[in-house]
Amino acid sequence: MKNFSIKKMVYSSLLITLAIILTRILSLRFAIGGVEGIRIGFGSLPIIFGGIMFGPAAGGIIGAVSDVLGYFINPLGAYMPHFTFTTFLTGFIPGVLMHYVFNKKMTYLYIFISIAVGQIVSSVILVPIFLDMLFGIPYKVTVVPKILGEAVNITIYTYFIRILVKRELIDLEILKSSK
């Protein structure tokens, strides 16, 4: 992670904090078979934003650290590294797509595709597989709500991240022109 400046570390710390709060405190959780099967919230938004703005390594680290710290601050059951891996991918995949496939072109479509691929892999495919493997919750029970929930989340995440990216790019232009 070359060029990981103090500013990026501060932003990353803020994004980790936001992810923990949005995931652990400000989300709705529904139990299936005695364990959390479905979570409705915006905890992935800061993680995805970190990946898109600072690159895949930063996005992955923001995701993984927020999951581990969030577990120690407010555990929602036993620690499972499987879910740390999925939160890592939540920030990593959009970062890879935006930085290396779409060459940092922050269009609405590219942001949407980056988020959609990341959420489909991590939330729609891997989380239900891990819930089935670890807790015996049938894949069929969790995948349909995940598909429906992520269809809404991806759209909302894209909208907000586009606004934040646009704002950040304007701020960067102002800083460059004032020097």
Side-chain angles (χ1 to χ4, degrees), residues 1-27 29 36 39 41-106 110-131 134 146 150 153-154 156-169 171-172 175:
M1 273 191 312
K2 60 183 179 185
N3 299 329
F4 206 70
S5 67
I6 298 296
K7 181 179 179 180
K8 287 181 184 177
M9 284 193 282
V10 171
Y11 275 136
S12 296
S13 300
L14 174 65
L15 293 172
I16 289 167
T17 304
L18 282 172
I20 291 169
I21 291 168
L22 292 173
T23 300
R24 304 282 173 163
I25 298 168
L26 298 177
S27 63
R29 296 181 294 275
E36 179 184 307
R39 181 185 302 158
F42 299 106
S44 296
L45 181 65
I47 298 167
I48 295 167
F49 180 71
I52 287 174
M53 287 306 295
F54 305 129
I61 290 169
I62 290 167
V65 169
S66 69
D67 186 68
V68 172
L69 281 178
Y71 170 76
F72 287 112
I73 292 169
N74 182 16
L76 300 172
Y79 175 73
M80 301 289 174
H82 307 72
F83 299 114
T84 301
F85 177 65
T86 61
T87 55
F88 172 86
L89 291 177
T90 296
F92 184 79
I93 293 171
V96 166
L97 292 173
M98 284 306 299
H99 285 256
Y100 299 109
V101 176
F102 300 130
N103 297 317
K104 301 179 190 176
K105 293 179 184 151
M106 301 289 180
Y110 290 163
I111 293 170
F112 180 84
I113 292 169
S114 298
I115 294 169
V117 170
Q119 291 302 99
I120 290 168
V121 170
S122 64
S123 293
V124 174
I125 296 172
L126 289 178
V127 169
I129 287 172
F130 292 150
L131 289 171
L134 297 168
K146 283 287 189 186
E150 289 308 321
N153 282 348
I154 291 165
I156 292 169
Y157 293 165
T158 302
Y159 175 75
F160 282 116
I161 287 176
R162 177 66 179 135
I163 289 171
L164 292 170
V165 164
K166 197 173 183 181
R167 177 70 184 163
E168 181 66 20
L169 294 176
D171 288 348
L172 289 174
L175 287 174

Apply the side chain to side chain contact (heavy atoms under 4.5 Å, CB included) test between Thr158 and each candidate in Ile111, Ile113, Asn153; give the one that qualifies.
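Exactly one candidate clears the test, Ile111.
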
Under the 3.5 angstrom rule, does the side chain of [X] hit a backbone N or O of [Y] as a donor-acceptor pair?
| X | Y | result |
| --- | --- | --- |
| Asp67 | Thr87 | no |
| Ser66 | Gly63 | yes |
| His99 | Ile52 | yes |
| Arg162 | Tyr157 | no |

Nearest heavy-atom pair of [X] and [Y]: which atoms, and what distance?
| X | Y | answer |
| --- | --- | --- |
| Ser123 | Lys146 | O-CD, 3.4 Å |
| Pro56 | Phe92 | O-CD1, 3.3 Å |
| Ser44 | Gln119 | OG-NE2, 4.1 Å |
| Ile62 | Gly50 | CD1-CA, 3.8 Å |
| Phe54 | Leu15 | CE1-CD1, 4.0 Å |
| Ser114 | Leu97 | OG-CB, 3.4 Å |

Separation of [Y] [atom2] from [X] [atom1] (nearest 0.5 Å):
| X | Y | atom1 | atom2 | answer |
| --- | --- | --- | --- | --- |
| Leu69 | Ile16 | CG | CD1 | 6.5 Å |
| Tyr11 | Leu14 | OH | CG | 8.5 Å |
| Leu18 | Ser13 | CG | OG | 11.0 Å |
| Asn103 | Tyr110 | CG | OH | 8.5 Å |

Could you go through His82 and Leu134, starting from their C-alpha distance and side-chain angles, then the distance that decides it, and tell me whether this counts as side chain to side chain contact (heavy atoms under 4.5 Å, CB included)?
CA-CA 9 Å; His82 307 72; Leu134 297 168; 3.6 Å; yes

Apply side chain to side chain contact (heavy atoms under 4.5 Å, CB included) to residues Tyr159 and Ile156 and explain how you reach the verdict.
CA-CA 5 Å; Tyr159 175 75; Ile156 292 169; 5.8 Å; no

Within a radius of less than 6.0 Å around CZ of Phe85, do more than 12 heavy atoms belonging to other residues, nucleotides or ligands occur?
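Atom CZ in Phe85 is not packed in, count stays at 12 or less.
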
Please walk me through it: do Phe88 and Ile47 pass side chain to side chain contact (heavy atoms under 4.5 Å, CB included)?
CA-CA 8 Å; Phe88 172 86; Ile47 298 167; over 6 Å; no

Check: [Y] and [X] side chains under 4.5 Å, non-hydrogen atoms:
| X | Y | result |
| --- | --- | --- |
| Val10 | Lys7 | no |
| Met106 | Met98 | yes |
| Tyr71 | Arg24 | yes |

Apply the test side-chain hydrogen bond (donor to acceptor under 3.5 Å, both in side chains) to residues Thr90 and Ser122: give CA-CA distance (whole Å), side-chain angles for both, the deciding distance (0.1 Å), then the verdict.
CA-CA 6 Å; Thr90 296; Ser122 64; 3.3 Å; yes

Can you tell me if Tyr79 and Thr84 form a side-chain donor-acceptor pair at under 3.5 Å?
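The answer is yes; a qualifying pair exists.
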
Determine, stepwise, if the pair Leu45 / Phe49 fulfils side chain to side chain contact (heavy atoms under 4.5 Å, CB included).
CA-CA 6 Å; Leu45 181 65; Phe49 180 71; 5.6 Å; no

